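So the structure is just underneath, and the comments pick up after that.
Since the structure is predicted, the reported quantities are computational estimates derived from the model, not experimental observations.
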Amino acid sequence: MSIRHGLLALLEEGPRYGSQLRSDFESRTGATWPLNVGQVYTTLSRLERDGMVVHEGADDAGHTVYTITDLGRDELASWFRTPVDRNNPPRDELAIKLAMAVGTPGVDIREVIQAQRHHTLQAMQDYTRLKAQALEPPPRARDEVAWLLVLEQLIFQTEAEARWLDHCEARLVRLSLLPKAPAQDGRAASPLDAPSSPTSAHGGPGTGSATPPSPSAPASPRGTSAS
């Protein structure tokens, strides 16, 4: 996540002080990636060091106000033009966990997969509920639309993760690293058997299974919550 460029984008809209930048950043992204004021001011200090923002004095309440420079605008324009680099993906804890589970004696890999699948599916349901709330009434403010796009990215991401977990289980069965799971009626179940499928957030079938207690979901800037 580029806090640096996110702050530059907000400053391009007009001068702001630190806590205002934090509030606007969280409103734009639905508080999916919350910031603390320390992060904001540390990033502003680095941007100022690099000549991308400058102080513009203080407002009536004594807040130090920052504004973007021409160099900062050039950096922001370059960021928007440049694709996000996927050649060096960030470390993914779930992928690392499963990779380590495969090689660690005594680990019940199926239990690891099932626990994560349940959590992922519940998160998907929470995001779907938040999306329904975000669409009623239809979003009109730019912050509301921005939050909806972030929320839909989270939905697609959890759907892909659920499918990948199903694939992992099937792959491990084929490689004889997992036994076939017995079906509830006593027959041998295929790892490719389709699980129950709740409706996905964008109208298609999602992946489904049992529902555990709900994980935390990001709060909606429109005054709604996942509860």
Is there side-chain contact between [X] and [Y], with at least one heavy-atom pair below 4.5 Å?
X      : Y      : result
Thr29  : Trp147 : no
Ile109 : Leu178 : yes
Arg171 : Val173 : no
Asp126 : Gln122 : yes
Glu169 : Arg117 : yes
Tyr66  : Tyr41  : yes
Ile113 : Leu172 : yes

Taken in chain and number order and not counting sequence neighbours, the residues that satisfy side-chain hydrogen bond (donor to acceptor under 3.5 Å, both in side chains) with Glu161 are Gln116, Thr120
| task | Applying side-chain hydrogen bond (donor to acceptor under 3.5 Å, both in side chains), name anything that partners Asp50, two or more places apart in sequence or on another chain. | result |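 Expected list: Arg4.
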Give, for atom [atom1] of [X] and atom [atom2] of [Y], the distance between the pair rounded to the nearest 0.5 Å.
X     : Y     : atom1 : atom2 : value
Leu44 : Thr64 : CG    : OG1   : 10.0 Å
Glu56 : Ile68 : CD    : CD1   : 12.0 Å
Leu10 : Phe25 : CG    : CZ    : 7.5 Å
Leu8  : Thr69 : CG    : OG1   : 8.0 Å
Leu71 : Leu76 : CG    : CG    : 11.5 Å
Ser2  : Trp33 : OG    : CH2   : 12.0 Å

Do side-chain atoms of [X] reach the backbone of [Y] as a donor and acceptor pair under 3.5 angstrom?
X      : Y      : answer
Arg110 : Pro179 : yes
Gln39  : Asn36  : yes
Glu26  : Leu35  : yes
Ser23  : Ser19  : no
Glu144 : Ala141 : yes

For the student: nearest non-hydrogen atoms of [X] and [Y], plus distance:
X      : Y      : value
Gly18  : Val40  : O-CG1, 3.5 Å
Arg22  : Val37  : NH1-CG2, 3.4 Å
Thr158 : Ala123 : CG2-CB, 4.4 Å

Let me see the working for Glu13 and Arg28 under salt bridge (charged side-chain N to carboxylate O under 4.0 Å, His left out), right down to the final yes or no. CA-CA 13 Å; Glu13 299 173 10; Arg28 188 71 53 86; 2.9 Å; yes
Q. Should Thr67 and Leu11 be marked as a side chain to side chain contact (heavy atoms under 4.5 Å, CB included) after you check the CA-CA gap, both sets of side-chain angles, and the distance that decides it?
A. CA-CA 6 Å; Thr67 188; Leu11 289 172; 5.9 Å; no
If you look only at distance, which donor and acceptor atoms sit under 3.5 Å apart when one is on a side chain in residues 91-104 and the other is two or more places apart or in another chain?
from, atom 1, to, atom 2, distance (Å)
Asp92, OD1, Leu94, N, 3.1
Asp92, OD1, Ala95, N, 2.8
Thr104, OG1, Met100, O, 2.6

(Q) Does Arg86 form a side chain to side chain contact (heavy atoms under 4.5 Å, CB included) with Val84? I'd like the steps, not just the answer. (A) CA-CA 6 Å; Arg86 298 302 186 192; Val84 174; 3.9 Å; yes
Exercise for review: State which residues pass side chain to side chain contact (heavy atoms under 4.5 Å, CB included) with Asp59; sequence neighbours excluded, sorted by chain then number.
Suggested key: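 By the side chain to side chain contact (heavy atoms under 4.5 Å, CB included) rule, Asp59 matches Tyr17, Ala61, His63, Val65.
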Sequence neighbours left out, what passes side chain to side chain contact (heavy atoms under 4.5 Å, CB included) with Arg81? Give chain and number order.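 Only Ala77, Ser78 meet the side chain to side chain contact (heavy atoms under 4.5 Å, CB included) criterion with Arg81.
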Sequence neighbours excluded, the answer for salt bridge (charged side-chain N to carboxylate O under 4.0 Å, His left out) partners of Arg73 is Glu12, Asp70
* Consider only side-chain heavy atoms of I, L, V, M, F, W and Y, link residues closer than 4.5 Å, and tell whether Trp164 and Leu177 are in one cluster. =>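 Trp164 and Leu177: one cluster.
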- Task: Group every Ile, Leu, Val, Met, Phe, Trp and Tyr by side-chain heavy-atom contacts under 4.5 Å, then state whether Leu47 and Phe80 land in the same group.
- Result: yes
